[in-house]
Amino acid sequence: MIRRFTVVLGMHRSGTSALAGALRGLGARLGDALVPAADDNPGGYFENAAMVSINESLLLDLERGWDDPRPLPGGWLASSAARSAARAIDALLDAEFAEGAWHALKDPRLCRLLPLWRPLLEARGRVEALFALRSPDAVVASLHRRDRMAPEEAMRLLAIHLSDADRGSRGLVRASVDYDRLLQSPGAELLRIAERLHWPPTPPEVLQAVSVTLDAAQRTHAPGRVASPAVASRRWAEAVHAALLDVDAPETTGAPSIDLVDPPHAPADEAASLEGLRWALVRERRRARALERTLARTDDAYAVAERRAIERLSEAATLDARLADAHAGLQRAESLALERLEELGAIASALERCEALARKAVAQRDEAFGERDEAVRRLDRAVAEAVEARAELARLRASRTWRWTEPVRRLARWMRSLRG
């Protein structure tokens, strides 16, 4: 299986983040480190941080920015800045986008820089384009709210991004999704895209889990809430938006029927430099405001950290006092333990003496038992001898000799009595 790259193309604030997040939920890989979420996009951007850094650095080297409506410099693909960016892209693709997997690339800057990325991606696998489209009025309203961008400028930037994305992706297999339809019917829209781009089948439980993350509450600006300028750029943006919505229609051959390459009423050559200076100034002012907001947030964070540090110091002082009390209690316990050890030593000595006396008593008892057993044996022998003597006496008395000598025994008893 070769690598597959789905390139999400769309203007800033067009729902590209929601679409890229859905692709990741379906199994597409976005690389390693992603751009962290921010206040204007708390759900996350789902942008590869290294890719965004490469694109932003390239635009700066070309003296452009994402909010600069001027065309990129002529021959920019052959510039040293583009060659340096291409080397960085090669390294990134080899490091973070493995072979045999499905990858999704999302960065609105790709609308204008796709001609640099496309051949490097095609050298590694299959490339397809997926347009994230949103009502031009809603995009302008969102840019005005987030960046305080004038509606005329926002509308023109939208038209330029979509036109460049169309031109850079022609010849690829392409599909488009409307942001409002995606939020209203996420499952149906994702299945339609999958069929158009021939994605592998998605298990129903995975599709359901992804659909849950796509909530209509994410839509902060519904179409028509902010008045957009009635200028040529508006008609141009609406035309390219409508054409790209139909890019995956069955009768579409791969390129919209309308010429979307060049903007109407583009600045004249003699005014191009002034136009560039104006936008450079606007961009620097926006960066200054962004830095001021960042510094303000940093100050707030520092104040919060300082308060927390004071609280932690107070807690540490309380813990020190508790630790001192615990240490004193430990010393008292140690002293008491020493006293108990001395008492235990005395008790152990007494126990040893008791054990010695007990052993001696046991020995004496055993000796007494031995003597008792010997006396019993002696008594048994004496009893036996007495029994034997009585038997002998009985035999003697029963004999004729005893009867014959009876007069003699009486005479002897009489004579002992006389002597007595």
Side-chain angles (χ1 to χ4, degrees), residues 21 24-25 27 29-39 42-44 46 48-50 95-96 98 101 203 205-206 208-209 212-213 294-398 416 420:
R24 188 175 74 165
R29 301 181 184 180
L30 307 181
D32 296 339
L34 302 183
V35 175
D39 294 339
F46 300 99
N48 184 282
E96 298 190 21
E205 61 274 12
V206 174
Q208 176 62 26
V212 171
T213 65
T294 301
L295 288 175
R297 289 194 297 268
T298 302
D299 290 341
D300 293 341
Y302 178 79
V304 172
E306 187 176 15
R307 288 196 301 271
R308 290 180 179 176
I310 293 174
E311 294 173 358
R312 295 296 182 271
L313 286 175
S314 177
E315 293 174 359
T318 302
L319 290 175
D320 286 340
R322 292 179 180 176
L323 183 61
D325 293 341
H327 184 65
L330 182 61
Q331 288 181 332
R332 291 193 297 272
E334 185 178 5
S335 177
L336 182 61
L338 291 175
E339 295 176 1
R340 294 294 182 269
L341 284 175
E342 293 178 357
E343 294 176 0
L344 289 175
I347 293 173
S349 299
L351 286 175
E352 290 179 356
R353 292 193 296 271
C354 290
E355 289 178 355
L357 291 175
R359 287 194 296 270
K360 184 176 180 181
V362 169
Q364 290 177 349
R365 183 202 63 185
D366 294 341
E367 184 178 357
F369 284 167
E371 292 176 355
R372 183 200 64 181
D373 294 341
E374 182 63 24
V376 169
R377 287 193 295 272
R378 290 177 182 176
L379 179 61
D380 291 341
R381 286 195 300 270
V383 170
E385 291 175 355
V387 170
E388 185 178 356
R390 288 177 181 175
E392 183 65 25
L393 180 60
R395 287 194 302 271
L396 180 61
R397 287 178 177 176
R416 282 196 298 272

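All residue numbers refer to positions in the sequence shown, counting from 1. This one's a predicted model, so the numbers in the text were calculated from it and none came from an experiment.
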Quiz item: Taking all atoms of both residues into account, what is the closest heavy-atom pair of L30 and N48, and its distance?
Solution: O-ND2, 3.1 Å
Quiz prompt | Nearest-0.5 Å distance that lies between atom CG in D325 and atom CG in L330 | solution = 12.5 Å
Self-check item: Between CZ on residue R378 and CD on residue E371, distance to nearest 0.5 Å
Solution: 9.5 Å
Quiz item: When you look at CD of E388, are more than 12 heavy atoms from neighbouring residues, nucleotides or ligands closer to it than 6.0 Å?
Solution: no
Quiz item: Would one find more than 12 heavy atoms of other residues, nucleotides or ligands at under 6.0 Å from atom CZ of R377?
Solution: yes
Quiz item: Does G345 offer a backbone N or O that forms a donor-acceptor pair with the side chain of S349 under 3.5 Å?
Solution: yes
Exercise. Locate the shortest heavy-atom distance separating E96 from A33; write the atom from each residue and the value.
Key: OE1-N, 4.3 Å
Self-check item: Close side-chain approach of R24 and T213, heavy atoms under 4.5 Å
Solution: no
Exercise. Could you tell me whether the side chain of D366 reaches within less than 4.5 Å of the side chain of V362, counting heavy atoms only?
Key: yes
Quiz item: Can you name the closest pair of heavy atoms from A37 and P42 and give their distance?
Solution: CB-O, 3.4 Å
Quiz item: Just how far is it from atom CZ of R308 to atom CD of E311, taken to the nearest 0.5 Å?
Solution: 8.0 Å
Quiz item: To the nearest 0.5 Å, how far apart are CD in E334 and CG in L341?
Solution: 10.0 Å
Quiz prompt | Spacing of R340 atom CZ and L338 atom CG [to the nearest 0.5 Å] | solution = 11.0 Å
Quiz prompt | Least distance between heavy atoms, L34 atom then F46 atom | solution = CD1-CA, 4.4 Å
Quiz prompt | Inter-residue atom distance R365.CZ - R372.CZ, 0.5 Å rounding | solution = 10.5 Å
